[in-house]
Amino acid sequence: MKSLETTARPLADYQTLVPAALFERTVSAKRALGDRVMVLGHNYQRDEVIEHADFRGDSLLLAKLASEHSERSHVVFCGVHFMAETADILSRSNQTVILPDLAAGCSMADMAAIEQVDQCWETLARLVPVEEAVTPVVYVNSAAVLKAFCGEHGGITCTSSNARAVIEWAWGRREKILFFPDEHLGRNTANKMGVSREQMIVWDPYLPNGGHTAEVIRKARLILWKGHCSVHQMFKPAHVDYFRKQYPDGQVIVHPECHEEVVNRADLVGSTEFIIRTVRAAPPGTTWAVGTELNLVNRLKREQSDKRVFFLSSTVCQCATMFRIDAPHLCWAMENLADGHVVNHIVVPDDDKAWAKLALDRMMAIS
Ligand code: 13P
Ligand code: SF4
């Protein structure tokens, strides 16, 4: 496959096409590419994009698929930047990973910069022997360089579907965990494991010593980075209470990136894949309030028309960065690929790749 970006088709040509034309052209480009391409779609993608996906799923499932299908030389990743980076880290050297819009980031991933994590680690090292006492655990919603940091320091990655197993693994090796960048996934998982409040502290990267005294840091077992998802933080306990009043027999299912007050009021909590599987498997006539991204919930509502499926809040919006991948960007990436031009190629630098892969492999071994 050549990479002559100068002669690639311009994106602007696609932005005025009508949906039917975009659909037809994406289908023909995919057909022309045949087995050379694999389109992956995260559960939060819009319908106009996910309908072209060979596989859809949560972060863990998509990461596994990218590594299992080495026969596909091109992976078009309809998701966000950290997911495409993960696919690049886990894929073979003959594979290229494409993210249809490079602006599809993740606000949570942006809440931990490597300089801040390095500084935190140095601060901890002044108080405890970090390499023997602290396991860094990074949620996959993070830049590749942070995964590399974990690989290099004896740490590991986790996703929303294996956080508990990862935390158990980490505590089995060292007495403390530095968990970043989502404080909620860390706290909700620890709450379910019966970890007491006194054992957890929140590390604010903008305060000296994360906002704590040396004594408090020495006592903590779980150091939670002050970071969150801008979408999931919008779900409030009042949304659950309101739903319960309207539908006393209904069930509430939420993603673990929600605040603990929401998670503690919910009946079930889990990854996007868990949420979809659970509602699909529920008996007809059951009623559900779902606390995760809007595209996923709307699709579930349509697919599961024999059940009543509600979005947990009427005011929360979709994930703005996932939403950046649209039909024009996908069609543009696919047609260029069919012409022999790789656009928006995601490449993790080799140094980071090796360490990040180690952290991901440790996770895969226990997932
Ligand atoms: P899942 O791993 O559950 O798909 O979640 C990814 C994500 O970004 C949730 O906001
Ligand atoms: Fe990131 Fe939140 Fe969007 Fe997930 S929903 S990709 S955590 S901003």
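Counting starts at 1 for both ligands and their atoms, in listed order.
In Lys226, the NZ atom is not crowded: 12 or fewer heavy atoms of neighbouring residues, nucleotides or ligands sit closer than 6.0 Å.
With Met108 as the partner, the side-chain contact (heavy atoms from CB on, under 4.5 Å) test is satisfied by one option alone out of Phe82, Phe180, Tyr139: Tyr139. Each of Asn344, Asp88, Leu40, Ile98 was compared with Phe77 under the side-chain contact (heavy atoms from CB on, under 4.5 Å) criterion, and only Leu40 meets it. For the side-chain contact (heavy atoms from CB on, under 4.5 Å) criterion with Arg72, the lone passing option out of Asp54, Leu33, Val39 is Asp54.
Among protein heavy atoms, atom 2 (O) of ligand 1 sits closest to Ser59 OG, 2.9 Å. For atom 8 (O) of ligand 1, the nearest non-hydrogen atom of the protein is Asn141 ND2, 3.1 Å. Among protein heavy atoms, the minimum distance from atom 10 (O) of ligand 1 is reached at Glu257 OE1, 2.9 Å.
Of all atoms in ligand 1, listed by their number and element, those nearer than 4.0 Å to a heavy atom of His255 are 1 (P), 3 (O), 5 (O), 9 (C). Listed by number with element, the atoms of ligand 1 under 4.0 angstrom from any heavy atom of Tyr44 are 7 (C), 9 (C), 10 (O). Those atoms of ligand 1 with a heavy atom of Ser160 less than 4.0 angstrom away are 1 (P), 2 (O), 3 (O). Atoms of ligand 2 found under 4.0 Å from any heavy atom of Tyr44, numbered from 1 in the order shown, are 4 (Fe), 5 (S). Interface of Ser271 with ligand 1, defined as ligand atoms under 4.0 Å from a residue heavy atom, comprises 3 (O). The atoms of ligand 1 that sit less than 4.0 Å from any heavy atom of His232 are 10 (O). Residue Cys319 approaches ligand 2 through these ligand atoms, each under 4.0 Å from one of its heavy atoms: 3 (Fe), 5 (S), 6 (S), 8 (S). Close approach of ligand 2 to Ser107 is summarised as follows: ligand atoms under 4.0 Å from at least one heavy atom of the residue are 8 (S).
With respect to Arg280 and Glu303, a salt bridge is recorded, a charged nitrogen being found less than 4.0 Å from a carboxylate O. Salt bridge annotation for Arg174-Glu132: absent, with no cationic side-chain nitrogen under 4.0 angstrom from a carboxylate oxygen. For Glu175 and Arg221, the salt-bridge test fails: no basic side-chain N is under 4.0 Å from an acidic carboxylate O.
By the 4.0 Å heavy-atom criterion, His42 is counted among the residues contacting ligand 1.
Close N/O approach between Thr272 and ligand 1 is found [any backbone or side-chain N/O within under 3.5 Å].
Between Tyr44 and His42, the two ring planes are perpendicular [angle over 60°; tilted spans 30° to 60°]. Ring geometry for His232 versus Phe235: interplanar angle of 30 to 60°, hence tilted.
Nearest residue to atom 5 (S) of ligand 2 from Gly105, Pro181, Cys229 is Cys229 (criterion: closest heavy atom).
At least one N/O/S atom of Cys106, from backbone or side chain, sits under 2.8 Å from atom 1 (Fe) of ligand 2.
Contacts between Glu257 and ligand 2, counted as non-hydrogen atom pairs separated by less than 4.0 Å, involve the side chain only.
Between the side chain of Ser91 and the backbone N or O of Ser67 there is no donor-acceptor pair closer than 3.5 Å.
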